[in-house]
There are 2 protein chains.
Amino acid sequence: MKTRPTARDRIMEAAEVVFAEKGYHDTAMDEIVRRTDMSKGGLYFHFPSKERLFFAVMDHLGNRLAERINASIAQESDAIARLEIALTTVLESLGKRRRLAKLLLVQGYSMGNAFEKKRIETYSRFASLIKDNLDLAVEEGSIPPIDTEIVSHLWVGAVNEVLIRWLYTGKPAPVKEALPVLKKILLRGVGVEAKVSIGG
Amino acid sequence: MKTRPTARDRIMEAAEVVFAEKGYHDTAMDEIVRRTDMSKGGLYFHFPSKERLFFAVMDHLGNRLAERINASIAQESDAIARLEIALTTVLESLGKRRRLAKLLLVQGYSMGNAFEKKRIETYSRFASLIKDNLDLAVEEGSIPPIDTEIVSHLWVGAVNEVLIRWLYTGKPAPVKEALPVLKKILLRGVGVEAKVSIGG
DNA sequence: CCCGACCGACCGACTGGTCGGTATGATGAA
DNA sequence: TTCATCATACCGACCAGTCGGTCGGTCGGG
């Protein structure tokens, strides 16, 4: 089905690069246009506004990440293993794509209040993915009952911050190095006893 | 000892309100001026630029929070108790000052990349506060050895996200309700066995 | 000859920062 | 006491650059 990328896709690719580098406000539509083989009018034929273009890019990236997580999760049946592999997937995926990480985790905010809704949407989505598996783990009896709603956000926040620190300071290099600690602390936090882990 | 607040302070107060409400980029200097009994020229006599004004406000708030934490921490000697009370103080302080929380945690992002440095600075400060006490706890033997560098950022991220979720969705109301869960999960994560906690 | 896709010069709203000017009070010489 | 002088604090109309978005027009295929 895929021939040459559609104009829409080409625009989004260019937008992704510039938005990630400069953030929302410091990005001029003219710059995105410059990176495209298209004119401003042409771009505006495909996207009605800067805001919508930005959202489209964010959605796209969010979807890709979510898909990757879901794919990796699907290979495991027990909840704890799923949680572990989800953490791994996020750290690996974003760890090897600095630009995407920055856009997804940081630049999104740069819109100001208009972004509030999207940010809730995006983060909640990943939080509920975690929540589902925490709930499952509780049902399975692998971990004691907890407030999975809050804990899932706690996890998202924890991972988010570790990634942001890496984005800004470069430490740890590579981020993946933080994975064992992250797993150990988060899992122990919900009551999983230490054990020999499977993946590095 | 309180006379009339200095012009500088009056400007910062006005700025705080507007920045918190609209975020950096969507705030016009003219609006801050409007909220002051001062003219634009007068404002620019005290602050050289919008950016500097914003940073001044952020620093001020950061300091206040840090002071409050330090004061509460000083009352405890054992490291675990300090960590607990630090968590409590943050949740309470920001929980009862939504506006400040929003400004401190969210609104800076709309500055774009200029905010990077300040964000590292601010978050690292709180992270190392946590790190110090985690290190202490390890020394004391209250918890097993861990990578306190990463874990401290994990904590900051966790608390940050819980607060942001509250800012955006209002849940839990009040945020303080998340405190027991936060304490329990984070402390258990670093290896503190469950016990009867003192504070609610 | 119509229409979707695209072009790019242009518009106008907005905003950070400036600058010539003013009010007030301190200083100090006559 | 008085008045010239000067610095500080403050005023607000104005400017110049920026940028999202528009619109009249082009063009090729069906």
Side-chain angles (χ1 to χ4, degrees), chain A residues 1-59 103 107-118, chain B residues 3-58 103 107-115 117-118:
Chain A
M1 268 137 274
K2 279 287 167 65
T3 59
R4 173 135 183 270
T6 65
R8 228 187 117 83
D9 288 338
R10 277 177 288 139
I11 293 168
M12 282 178 62
E13 260 169 53
E16 184 189 303
V17 175
V18 186
F19 278 138
E21 192 179 315
K22 308 237 186 161
Y24 182 78
H25 282 298
D26 291 345
T27 292
M29 290 300 268
D30 283 336
E31 170 126 20
I32 296 177
V33 168
R34 218 173 300 137
R35 300 242 190 172
T36 309
D37 54 352
M38 200 168 280
S39 69
K40 204 167 181 180
L43 189 159
Y44 271 89
F45 179 78
H46 292 283
F47 294 91
S49 69
K50 185 184 184 183
E51 188 174 304
R52 290 289 200 82
L53 172 57
F54 186 72
F55 284 158
V57 172
M58 295 291 286
D59 281 340
L103 184 41
Q107 304 295 31
Y109 285 97
S110 65
M111 275 196 65
N113 295 337
F115 188 66
E116 281 196 11
K117 214 178 145 192
K118 184 112 282 175
Chain B
T3 61
R4 176 128 181 277
T6 66
R8 229 187 117 82
D9 289 339
R10 278 177 288 138
I11 293 167
M12 282 178 63
E13 259 169 55
E16 184 188 303
V17 175
V18 186
F19 279 138
E21 192 179 315
K22 308 237 185 161
Y24 181 79
H25 189 271
D26 290 346
T27 291
M29 290 301 267
D30 283 336
E31 169 125 20
I32 296 178
V33 168
R34 218 173 299 137
R35 300 244 192 173
T36 310
D37 53 354
M38 200 168 279
S39 69
K40 203 168 182 178
L43 189 157
Y44 270 90
F45 179 79
H46 293 282
F47 294 92
S49 68
K50 185 184 184 183
E51 187 175 304
R52 290 288 200 82
L53 173 57
F54 185 74
F55 284 155
V57 172
M58 294 289 287
L103 183 41
Q107 300 296 35
Y109 283 93
S110 67
M111 275 195 69
N113 295 337
F115 186 62
K117 216 177 145 192
K118 184 108 280 177

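In what follows, chains are A, B, ... by sequence order, proteins preceding strands, each numbered from 1.
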Under the salt bridge (Lys or Arg N to Asp or Glu O under 4.0 Å) rule, collect the residues that match up with [X], sequence neighbours excluded.
{"X": "B/R35", "answer": "B/E21, B/E31"}
{"X": "B/D9", "answer": "none"}
{"X": "A/E13", "answer": "none"}

So how far is it from [X] [atom1] to [Y] [atom2], rounded to the nearest 0.5 Å?
{"X": "B/S110", "Y": "A/H25", "atom1": "OG", "atom2": "NE2", "value": "5.5 Å"}
{"X": "A/L103", "Y": "A/K22", "atom1": "CG", "atom2": "NZ", "value": "14.5 Å"}
{"X": "B/K118", "Y": "B/M58", "atom1": "NZ", "atom2": "CE", "value": "8.0 Å"}

Whole angstroms only, please: what is the [atom1]-[atom2] distance between [X] and [N]?
{"X": "B/E51", "N": "C/dG17", "atom1": "CD", "atom2": "C1'", "value": "14 Å"}
{"X": "A/E31", "N": "D/dG20", "atom1": "CD", "atom2": "C1'", "value": "15 Å"}
{"X": "A/R52", "N": "D/dG20", "atom1": "CZ", "atom2": "P", "value": "17 Å"}

For B/T36 and B/I11, indicate whether the former's side chain and the latter's backbone hold a donor-acceptor pair under 3.5 Å.
no
Which atom pairs, donor and acceptor, lie under 3.5 Å between side-chain atoms of residues 39-56 of chain A and protein residues at least two apart or in another chain?
{"from": "A/S39", "atom 1": "OG", "to": "A/G42", "atom 2": "N", "distance (Å)": "3.1"}
{"from": "A/K40", "atom 1": "NZ", "to": "A/D30", "atom 2": "OD1", "distance (Å)": "3.2"}
{"from": "A/S49", "atom 1": "OG", "to": "A/R52", "atom 2": "N", "distance (Å)": "3.1"}
{"from": "A/K50", "atom 1": "NZ", "to": "A/Y24", "atom 2": "O", "distance (Å)": "2.9"}
{"from": "A/K50", "atom 1": "NZ", "to": "A/T27", "atom 2": "O", "distance (Å)": "2.8"}

Within residues 11-19 of chain A, which residues have any heavy atom lying less than 4.0 Å from an atom of DNA chain D?
none
Take nucleotides 1-16 of chain C nucleotide by nucleotide from the 5' end and write B, S or -, depending on whether a protein heavy atom sits under 4.0 Å from the base, only from the sugar-phosphate, or from neither.
----BSBB-------B
